[in-house]
Protein chains: 2
Amino acid sequence: MSRLRGSVTIDDVARHVGVAKGTVSRVLNNYTDISDETRKRILKAVKDLGYQPSATARNLKRGRQDTLGIIIPVGHGNGADPFLSEFIDGIARALDELDLDLLVTTAHSREHMIESLERLIARRKVDGFIVTRTEVNDPRIAYLQERNFPFVAHGRTANPSGYAWYDIDNEAAFAEGVRHIYSLGHERIGLVGGTLELNFARQRREGYRQGLKDLGVKHDPDLETIQTVSEKGGILGAEELLALDQPPTALLCATDALAIGAVQYCRKIGLKAGADVTVIGYDGLPVGEYLDPPLTTFSQSAQEAGGRVARMLTDILDGKSPTSLQELSKADLIRRASDGAPAKTPAALATALRERLKDQPYSGNKGE
Amino acid sequence: MSRLRGSVTIDDVARHVGVAKGTVSRVLNNYTDISDETRKRILKAVKDLGYQPSATARNLKRGRQDTLGIIIPVGHGNGADPFLSEFIDGIARALDELDLDLLVTTAHSREHMIESLERLIARRKVDGFIVTRTEVNDPRIAYLQERNFPFVAHGRTANPSGYAWYDIDNEAAFAEGVRHIYSLGHERIGLVGGTLELNFARQRREGYRQGLKDLGVKHDPDLETIQTVSEKGGILGAEELLALDQPPTALLCATDALAIGAVQYCRKIGLKAGADVTVIGYDGLPVGEYLDPPLTTFSQSAQEAGGRVARMLTDILDGKSPTSLQELSKADLIRRASDGAPAKTPAALATALRERLKDQPYSGNKGE
DNA sequence: CGGAGCACCAAAACCGATTTTGTTGACTTA
DNA sequence: TAAGTCAACAAAATCGGTTTTGGTGCTCCG
């Protein structure tokens with residue numbers, strides 16, 4: 001009965017009922033100038049024949065695709081960003097309700113991203129884009145703005161005006177992080193930051209500095225390190241900061257991935273996160289709950305963010321002004337167990353570390 | 001210069017050159033009955049005007065979308081499956097080279113999945129599907145087979161004939177896992193399995209049993225537990241097995257998520273994975289490397305699998321027979337540090353456990 | 001009673017490509 | 001030299017919808 005390619009078309013329905021195909025279309029699109037009787041007959045035929053309009057044909061005429069695009073950055077083989085997969089999940093859920101679809105593409109470089117944008121726009125495969133992991137000067141946003149193509153950014157740029165965005169108040173979160181750590185009794189607080197092209201990394205560093213300033217703690221540049229946003233970066237960052245003469249007793253990390261690496265490094269050199277060193281991450285990744293110790297972090301519900309961003313984009317497509325759609329949300333501190341009062345003074349920590357590192361100098365992250 | 005909606009069409013190009021639009025199309029599609037001179041002029045105009053054909057219009061005529069679909073199952077708020085995000089990454093990378101796109105949808109129930117399939121097929125938004133996490137009797141596969149719609153499954157079903165699939169030899173892997181654990185000196189080996197609707201869960205259990213049989217170890221049904229595939233399930237599974245009078249000294253887990261939960265439970269009751277209890281997972285999740293202890297697991301490179309599956313699907317769309325596309329791959333044991341020789345006999349372990357549990361009965365997985 | 005107004009729907013145009021069919025002039029070939 | 005062949009393109013049909021334009025018959029109204 002259900003031959004594949006010979007899908008039932010609007011002509012089949014029209015013929016079956018004995019009306020013009022335009023009439024069928026009008027019924028399906030809720031026009032009012034159709035008699036009740038005809039409407040019923042058509043609706044019945046639609047149901048009987050199992051007719052569903054072809055998205056392609058409809059889109060051709062309407063000039064819309066009912067599809068949103070997202071381009072996710074990927075490194076070289078180092079796996080997907082766990083934050084992004086949650087984010088996509090959130091988007092997809094929201095779109096399901098709105099009856100839209102999501103086109104996912106990956107890009108391995110900045111240039112490749114722009115290429116992909118161009119391609120998808122030129123071929124008219126999507127109506128709008130969701131841009132993630134914004135950079136301070138983001139070429140994607142510049143491109144989309146110039147082309148005047150609808151999009152919503154998750155995260156801001158250096159100049160966050162003129163386009164729609166959804167972001168977390170990164171400054172506030174990290175200022176709070178500093179305050180929290182300080183209240184636990186820490187005086188030397190380190191920052192394992194992310195590369196500064198990433199806007200959120202810059203903002204979190206700003207929040208870190210502001211937090212210190214608010215507390216009247218002198219800012220020591222040595223306590224800041226910048227690393228690529230990955231577990232590996234976290235290892236390197238922790239190693240660098242803990243090797244200081246006056247090491248920090250707490251590490252505030254720009255992302256959970258960095259924090260996971262930092263915790264791993266601590267473990268490696270015989271330090272217990274949460275007891276000997278406080279480590280705090282950011283992202284609220286589910287897996288953080290199952291680490292040892294469970295990771296204290298900031299949650300920003302990637303899923304919720306995805307849903308929110310998707311809805312903002314559909315608002316834009318419905319004609320809303322992008323500038324009216326700028327939303328700043330708050331991140332919540334989720335206390336688990338990787339933070340605590342400092343066990344040692346920085347000086348004591350330093351001598352203890354020197355002892356330990358003599359015995360077992362750190363060498364990569366392989367098992368022994 | 002670049003007005004958005006007024007994208008340049010094939011008519012613009014034709015007019016610009018002074019030929020019929022059909023001629024432009026023929027040039028772009030490499031027909032031979034065009035003079036070299038005309039071809040050059042048209043190509044130049046295409047470049048000058050920056051013309052790119054509308055995917056929609058092309059698809060309408062051709063009946064193809066150059067888009068593949070994937071429907072990912074999601075639970076209720078418990079986050080994305082990390083395995084799937086890697087998998088999608090692999091697919092997207094492969095499709096990038098093939099100049100195809102990927103449409104991602106989520107579904108929260110079995111019915112919803114079929115609905116989504118129906119919708120995407122009826123509206124002709126995709127040319128084929130990739131089906132993941134196959135079940136023993138998978139309604140999606142049944143549906144797609146019945147509709148005769150192109151698809152490739154990642155994983156098999158009870159009757160894996162008549163369609164294209166890519167799978168890991170789950171039996172072999174788990175038999176090897178048992179062999180490995182046994183060679184470390186363990187005699188009582190537990191299985192934390194996944195729900196048996198999932199085909200891979202069933203196969204891995206089969207491999208576990210076969211492995212024991214090969215070694216001449218008597219199969220004790222008490223040593224098997226079935227849990228939902230999540231960290232939570234891992235906690236429950238470990239709790240159940242370790243509470244036995246004769247508890248296992250090693251836990252073979254159907255997925256990394258289960259293993260992560262199992263490790264967490266061990267930690268909670270004062271047991272160290274890798275030393276006191278051996279825990280082995282399956283999936284090769286990157287995060288496993290940063291756990292304490294780093295997780296011993298089976299790798300099946302989700303990324304590679306994604307790429308492979310995508311290419312198989314395009315082969316089918318190019319006319320290859322699905323039945324000729326069935327590929328069984330091998331999983332590799334990645335030894336990290338969650339496995340090791342048993343520290344205690346099962347009996348000794350049991351008494352030690354009874355001691356510990358008296359003091360601090362386990363109660364959920366919240367921080368203290 | 002003639003024309004305006006309306007309800008209802010048929011017919012045709014259109015979206016932007018691909019593909020089929022037709023046409024023209026030059027060149028063979030018998 | 002008339003008929004046939006072929007290269008090279010124009011013109012039209014087509015894909016499956018949406019939207020615009022055009023009737024038709026009926027009612028209403030001055």
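Below, all heavy atoms of this structure are taken into account, side chains as well, without hydrogens, waters or symmetry copies. Per chain, numbering begins at 1; letters A, B, ... match sequence-line order.
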Please list, one pair per line, the donor and acceptor atoms closer than 3.5 Å that link side chains of residues 315-322 of chain B to other protein atoms, with sequence neighbours excluded.
{"residue": "Ser321(B)", "atom": "OG", "partner": "Thr323(B)", "partner atom": "N", "Å": "3.3"}
{"residue": "Ser321(B)", "atom": "OG", "partner": "Thr323(B)", "partner atom": "OG1", "Å": "2.9"}

For this session: Using atom types as modelled and distance alone, determine if a side-chain donor or acceptor of Arg93(A) lies under 3.5 Å from a backbone N or O of Gly307(A).
Result: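 Absent.
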
List in numerical order all residues of [range] for which some heavy atom is under 4.0 Å away from an atom belonging to DNA chain C.
| range | result |
| --- | --- |
| residues 49-62 of chain A | Leu60(A), Lys61(A) |
| residues 38-46 of chain B | none |
| residues 18-36 of chain B | Lys21(B), Gly22(B), Ser25(B), Arg26(B), Asn29(B), Tyr31(B) |

Find the distance [X]:[atom1] to [N]:[atom2] and express it as a whole number of Å.
| X | N | atom1 | atom2 | answer |
| --- | --- | --- | --- | --- |
| Ile10(A) | dA10(C) | CD1 | P | 12 Å |
| Gln65(B) | dG16(D) | CD | C1' | 12 Å |
| Arg64(B) | dA17(C) | CZ | C1' | 14 Å |
| Asp11(B) | dA17(C) | CG | C1' | 9 Å |
| Arg15(B) | dA17(C) | CZ | P | 12 Å |
| Asp12(A) | dG17(D) | CG | P | 8 Å |

For this session: Starting from the first five and the last five pairs of the helix from dC1(C)-dG30(D) to dA30(C)-dT1(D), work out the angle between the resulting helix axes, to 10 degrees.
Result: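 Inter-axis angle at the ends, rounded: 70°.
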
Does [X] have any side-chain hydrogen bond (donor to acceptor under 3.5 Å, both in side chains) partners at least two apart in sequence or in another chain, and if so, which?
| X | answer |
| --- | --- |
| Lys44(B) | Asp48(B) |
| Arg308(B) | Glu327(B) |
| Arg15(B) | Asp12(B) |
| Arg39(A) | none |

For this session: Could you list the residues that satisfy ring-ring contact (aromatic ring centres under 6.0 Å, His included) with Phe200(B), not counting sequence neighbours?
Result: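 Phe200(B) satisfies ring-ring contact (aromatic ring centres under 6.0 Å, His included) with no other residue.
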
Exercise. With sequence neighbours left out, which residue pairs that include part of residues 62-73 of chain A fulfil the side chain to side chain donor-acceptor pair (under 3.5 Å) condition?
Worked result: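 Applying side chain to side chain donor-acceptor pair (under 3.5 Å) to every pair that reaches into residues 62-73 of chain A, excluding sequence neighbours, yields Asn29(A)-Arg62(A), Arg64(A)-Asp66(A), Gln65(A)-Thr56(B), Thr67(A)-Lys125(B).
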
Exercise. Can you find a heavy atom in the side chain of Phe87(A) that is under 4.5 Å from one in the side chain of Ile130(A)?
Worked result: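 Yes - at least one pair of side-chain heavy atoms lies under 4.5 Å apart.
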
Exercise. Any side-chain heavy atom of Ile71(B) within less than 4.5 Å of one from Val104(B)?
Worked result: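 Ile71(B) vs Val104(B): side chains apart.
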
Problem set entry | Passing option when Tyr166(A) is tested against Leu325(A), Leu328(A), Val309(A), Leu313(A) for side-chain contact (heavy atoms from CB on, under 4.5 Å) |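 Considering Leu325(A), Leu328(A), Val309(A), Leu313(A), a side-chain contact (heavy atoms from CB on, under 4.5 Å) with Tyr166(A) is found only for Val309(A).
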
Exercise. Is any NZ, NE, NH1 or NH2 atom of the basic residue among Arg123(A) and Asp99(B) found under 4.0 Å from an Asp or Glu carboxylate oxygen of the other?
Worked result: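 Yes, Arg123(A) and Asp99(B) are salt-bridged.
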
Exercise. Can you pull the ring-ring contact (aromatic ring centres under 6.0 Å, His included) pairs that have at least one residue in residues 111-133 of chain B, sequence neighbours excluded?
Worked result: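 Sorted pair list: His108(B)-His112(B), Phe129(B)-Phe149(B).
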
